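Notes for the one structure printed next.
Predicted, not measured: the structure shown is a model, and the values here were computed from it.
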Amino acid sequence: MTAKVTNYRAIARILGIIVLIIGIAELIPWIYAEAVGEMSAVFGFRICAPATTLLGVLILISVRTGRTRFGPREGYLVVACCWIIASLIGSFPYLLSGLTDSFADAFFEASSGFTTTGCTAIDGELSCRALLLWKAISHWLGGMGILVFVISLLPALGINGQVIVRAEAPGPVLQKMTVRMSDSAKILYITYFSFTIIEFILLMLSGKMSFYDGVITTLGSISTGGLLVHSAGIAFYDSVYIEIVISVFCLLASVNFVLYHYIATGKFSYVLKDIELRAYGILIGGAFIICTGGLMFSGNENFGTAVRNSFFQVSSFASTAGYTRTPYLDWPTVCQIVLLALMFIGGCSASTAGSLKVIRVIVMLKMIVRGCTRRIHPRSVVAVKLGKNSVSAPVVSNITVFIFTFMAVFLISGLVVSLQGCDMETSFTSVICMLSNTGGSFGYGASLGNFSFFHPGLKLYLSALMIIGRLELFTIIILFTKSFWSRNH
C-alpha cells in the first residue's frame, strides 16, 4: 500500500496561519518602538511586520483546501516546518534592526525565543527594548506551542489535530481533556493566558517593577524562557516577593497543564493520584534540601540566604527556565551537580518545560527495578506500573528509545561543539543547555553570560539543538530518514 506525504496544500495552509500569527505578534513591538522612538527597531519592524502579515494572508487566500485526511507524516512535517519557519522569520527583526549583522546570531536569538531556551549569542546587554519585547513575545508564543493554538482552528480545515499534537506534544502522552482535541487546545491556552494575567498582576503589586518590566518578566517566566530586562538579573529588584512569584509560576508552568483542567472541573482525585506530579514535588524538595545544606556547610551563606538562593535556583533549573540570582558557578560542587541533574530531568509532560520529563525518568527507574527483580526471579513476570496501571510495552519501548536517543544526541553534539577547542565542561553543558531548553550552563558560557564566543557554524548547530530539544528529537530526526519520504511505507 502506498503511503506518502500528499497533503501539501493543507500543510501550506497551516503554515500560512503560523506566518500570519507571527506577523500580527510583530505589530506589538513595532508599535512600542514607534512610541518610545527606537528608530533602529522601528526600521526593522516597519519591514518585517507588514511583510510577514501580508505573506500569511496571501498564503491563506491562495491555498484552498477541502476536508482532507491528515496522517502522521503530514503532522511531523508541518510541526518541523512550523518551528523552522518561525525561527527564520523571527530572526529578521534582529537583523534589520541592526542588533547584529550575522544571520547566525539572529537565527540563534529567534530560535532561543521560540523554543523558550532564553540564552543569547549577542555579546553585551540587549539594550533595544522593542527587540527585548519581541523576544519575550516569542517566548510566550513558543511556551505552550504555536501549533497548540492553531489546533483549535483546524476543524474548520477538516484536519485532525491529534496527529499534530503527537508530533509537538512536550511529553510521552498528551491526554485529551474533552472529546475534541481542538477543544482541549482551547482549554490549554485559556489556562496559559489566565496564568499570564495573574502573574503580571502579582508582579505589579510588588511596586518595584515598571509596566514594561512586568510584561517582560511575566512572558519570560510563564513560558519558562528565563528572560529578564536587566543584566543584573533578578537580583536587580532585590525583592523576596518578586523571586517567590517568579519561582512559583515557573513551577506552575512546568506542571502538566491537563491537571489544571481537572482542578477546574473538581476532579481533585486525579491530581492527588498523579504519579508524575508527586515525583516532581519530591525531586524539587530533595534538590532544595541538598542545595541549602551545601551552601550552609560550605560556610558561604547563612540559613536565610541559603534558603532564598536555593529555592529560586532549584525552581529555575527544575522548570528549565534558567534564571540566575547568584553566581552558581561559585556554589559547592554538590550543588552544581544537583542543578545539572535538574537540567537533564526537566519538568512534567504537557507543560512549558523542556528536557527528558519527569514521567520518562520514573519509567526508566521502574525498568531498572524490574531488571533487578528479574535477575533474582528469572521466571517472574513483572510489569512496569504507574500507580495501579501497567504501562504498555510500546510506551515503555518508546520511552527507552527516546532516552537513548537523547543521550546519543547529547554525546555526539558535545563532540561537535568541542571541535572549537572548548573545555569539556563548556562543551557538554552548552549542549545540554540547548537540548533541554534551559538556557543556563556552566563553564565559559556561564561566566561570560552569553554564547557569542562560538563560531557562526556552531551557533547554527546549537540553534538546531534548541529546536530538536523543543520538538522532542524525533520530529526533526525522522525527516532525515529514507522511510519518511518513501512511497512504499
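A 6.0 Å sphere centred on OH of Y270 holds no more than 12 heavy atoms belonging to other residues, nucleotides or ligands. When the shell of 6.0 Å around CZ of F297 is examined, it contains 12 or fewer heavy atoms from other residues, nucleotides or ligands. D423 CG: more than 12 foreign heavy atoms inside a 6.0 Å radius.
Of the N and O atoms on the side chains of S102 and T100, not one donor lies less than 3.5 Å from an acceptor on the other residue. S239 and S206 form no side-chain donor-acceptor contact under 3.5 Å, judged by distance and modelled atom types alone. Using modelled atom types, one finds no donor on one side chain facing an acceptor on the other under 3.5 Å when comparing N437 with T116. The closest side-chain donor-acceptor pair between T218 and E199, if any, does not fall under 3.5 angstrom. A donor-acceptor pair shorter than 3.5 Å can be found between the side chains of W30 and E34. A side-chain donor-acceptor contact under 3.5 Å links D213 and Y237.
Rounded to the nearest 0.5 angstrom, T352 OG1 and W140 CH2 are separated by 12.0 Å. Here the CZ atom belonging to F312 is positioned 11.0 Å from the CD1 atom belonging to I244, to the nearest 0.5 angstrom.
Counting only heavy atoms from C-beta outward, the side chains of M296 and N302 never approach each other to under 4.5 Å. Y323 places none of its side-chain heavy atoms less than 4.5 Å from the side chain of I234.
Residues passing the salt bridge (Lys or Arg N to Asp or Glu O under 4.0 Å) test with E243 are R308, R325, sequence neighbours excluded. Residues that satisfy the ring-ring contact (aromatic ring centres under 6.0 Å, His included) test with F344, not counting sequence neighbours, are F410.
Stacking of R470 on the aromatic ring of F114 is not recorded, the 6.0 Å distance cut-off and the 45° axial limit not both being met.
Taking each heavy atom of G44 and S97 in turn, the nearest pair found is CA-OG, 3.7 Å. Closest approach of Y212 and R129 over heavy atoms only: OH-O, 2.6 Å. The shortest non-hydrogen separation linking T117 to H139 is N-CE1, 4.3 Å. When all heavy atoms of C128 and E38 are compared, the closest pair comes out as SG-OE1, 3.3 Å.
Ring pair F474/Y76: centre-to-centre distance not below 6.0 Å.
Residue pairs meeting the side chain to side chain donor-acceptor pair (under 3.5 Å) criterion with at least one member in residues 398-416, sequence neighbours excluded: S413-Y461.
Using a 4.0 Å cut-off between a side-chain N of Lys or Arg and a carboxylate O of Asp or Glu, K357 and E276 do not qualify as a salt bridge.
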